[in-house]
Amino acid sequence: MKTKKNNSDNLAKPGKSMSQKKFVSIIKDAEEGTFYTLEESKKHFEEWRSQRKK
């Protein structure tokens with residue numbers, strides 16, 4: 001009996017295969033993005049909300 005070495009385990013979403021290398025690559029890309037403080041996030045949210053009400 002052969003055993004299958006499955007390195008493309010689903011690490012992100014059910015039903016979609018993704019290798020650990022790909023997953024780590026996506027995480028590294030996300031870490032290079034813009035991050036906001038809590039106050040900045042609240043400010044952006046309120047601006048978005050006020051624009052939406054108009």
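From a predicted model like this one, the values you see are computed outputs, not experimental measurements.
Cluster annotation: F23 and I26 are assigned to the same hydrophobic cluster (Ile/Leu/Val/Met/Phe/Trp/Tyr, side-chain heavy-atom contacts under 4.5 Å, transitive).
Taking all atoms of both residues into account, the shortest heavy-atom contact from F35 to A30 is CZ-O, 3.7 Å.
Applying the under-4.5 Å side-chain rule to Ile, Leu, Val, Met, Phe, Trp and Tyr, the cluster around F45 extends to W48.
Applying the salt bridge (Lys or Arg N to Asp or Glu O under 4.0 Å) test to pairs two or more places apart or on separate chains, those with a residue in residues 30-48 are E46-R49.
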